[in-house]
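Model, not experiment: these values are computed from the prediction.
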Amino acid sequence: MDTPNLAVVVKQVVGPVLIGVVIHALLLGVVGCQYVQYFTSNFKDSKWLKFTVAWMALIDLLLMMNSAALLWYYAVENFADPTVLDGSAWNFNMLPFFCTLSAFPVQVFLADRIRKFSGSSTLFAALVVLILAGAAPGWVSAIKVQMDSNMSRSHRATFLKFISAWGGISLGCDTVLTALMTYFLWQKRTAFQRTNKILNRYMQVGIQSALPVTICAALVLILSRTLTTTNIHYIFSVNLGRLYSIILLTVRYAQVSFSLFCGLMPHA
């Protein structure tokens, strides 16, 4: 690998990892404050919801450690070894696995909210199946690539196909969840302006929370299909999990705010 090509490859492989880790650390700081606020507040939440929030906090921390280890692998441990740029570090290959561990509980949480709004357990079961279908490619890609420890950059196409499938199905799943949530909230509208104002605000929070995740998932899908020899998609895929965490806590805080506005006890 000559010097000009090496410089280009470093920008394409290590550069996106550096940018992704920095953005990830910033988002972790934001969501970390939300975690502290949640666990220090007297929310009368179910044990399942408290476990979900604790699980998300754990996955966020593990993914931050994994991302930092990946950056150390490229920028410090193998700084003078250009051959590592032709391979694929195990930290990088585990990214879809971590992201699906973050997305799955939040998507189930939203599906459960839709069940409560719609009163349909059948719809909830169908949404869970869709969510599992979206998570499967992420799990399969992580397992498959870990079994091929000598995967070179030329063999990244198979890995990126799974990434594309994961991104595409997750994008569709998030869109369906947001649309159904908005639809059933709209169906709850009444002749009372105060009630409609609360529902409109709830819909606004849901759409605004889901929009960054939808855009991020779309970029992962597009970049993993078009720029197959670079890690550009890493900038967005590594931060998907943090956006799901923000969605979970934002929706929960919105529910508490609306409950207090209505004079009700905030619980889930």
Would you check, one step at a time, whether the test side-chain contact (heavy atoms from CB on, under 4.5 Å) holds for Leu63 with Asn66?
CA-CA 5 Å; Leu63 183 53; Asn66 182 77; 4.3 Å; yes
Any [X] side-chain heavy atom under 4.5 Å of [Y] side chain:
X: Gln107; Y: Leu110; answer: no
X: Leu180; Y: Leu123; answer: yes
X: Val21; Y: Val238; answer: no

Run the side-chain contact (heavy atoms from CB on, under 4.5 Å) check on Asp112 and Phe124 step by step: do they pass?
CA-CA 7 Å; Asp112 183 63; Phe124 174 73; 4.0 Å; yes
For the student: nearest non-hydrogen atoms of [X] and [Y], plus distance:
X: Cys173; Y: Ile131; result: SG-CG1, 3.5 Å
X: Val31; Y: Ser245; result: CG2-CB, 3.6 Å
X: Ala57; Y: Tyr35; result: N-OH, 3.3 Å

When rounded to the nearest 0.5 angstrom, what distance separates [atom1] in [X] from [atom2] in [Y]?
X: Ile23; Y: Ser67; atom1: CD1; atom2: OG; result: 11.5 Å
X: Trp48; Y: Phe109; atom1: CH2; atom2: CZ; result: 6.5 Å
X: Phe98; Y: Leu240; atom1: CZ; atom2: CG; result: 15.0 Å
X: Ile235; Y: Leu18; atom1: CD1; atom2: CG; result: 9.5 Å
X: His24; Y: Asp60; atom1: NE2; atom2: CG; result: 6.0 Å
X: Leu101; Y: Met56; atom1: CG; atom2: CE; result: 9.5 Å

Is there a path of hydrophobic side-chain contacts, each under 4.5 Å between heavy atoms, that joins [X] and [Y]?
X: Val17; Y: Leu219; value: yes
X: Val14; Y: Tyr73; value: yes
X: Val36; Y: Phe51; value: no
X: Val30; Y: Leu26; value: no

Among side-chain atoms of Tyr183 and Ser118, is any donor-acceptor pair under 3.5 angstrom?
no
Excluding sequence neighbours, so at least two apart, what forms ring-ring contact (aromatic ring centres under 6.0 Å, His included) with Tyr234?
Phe92
Can you list the residues that meet the ring-ring contact (aromatic ring centres under 6.0 Å, His included) rule with Tyr38, with sequence neighbours excluded?
Phe43
Residue pairs passing the side chain to side chain donor-acceptor pair (under 3.5 Å) test where at least one lies in residues 96-105, sequence neighbours excluded:
Thr100-Trp139, Ser102-Arg242
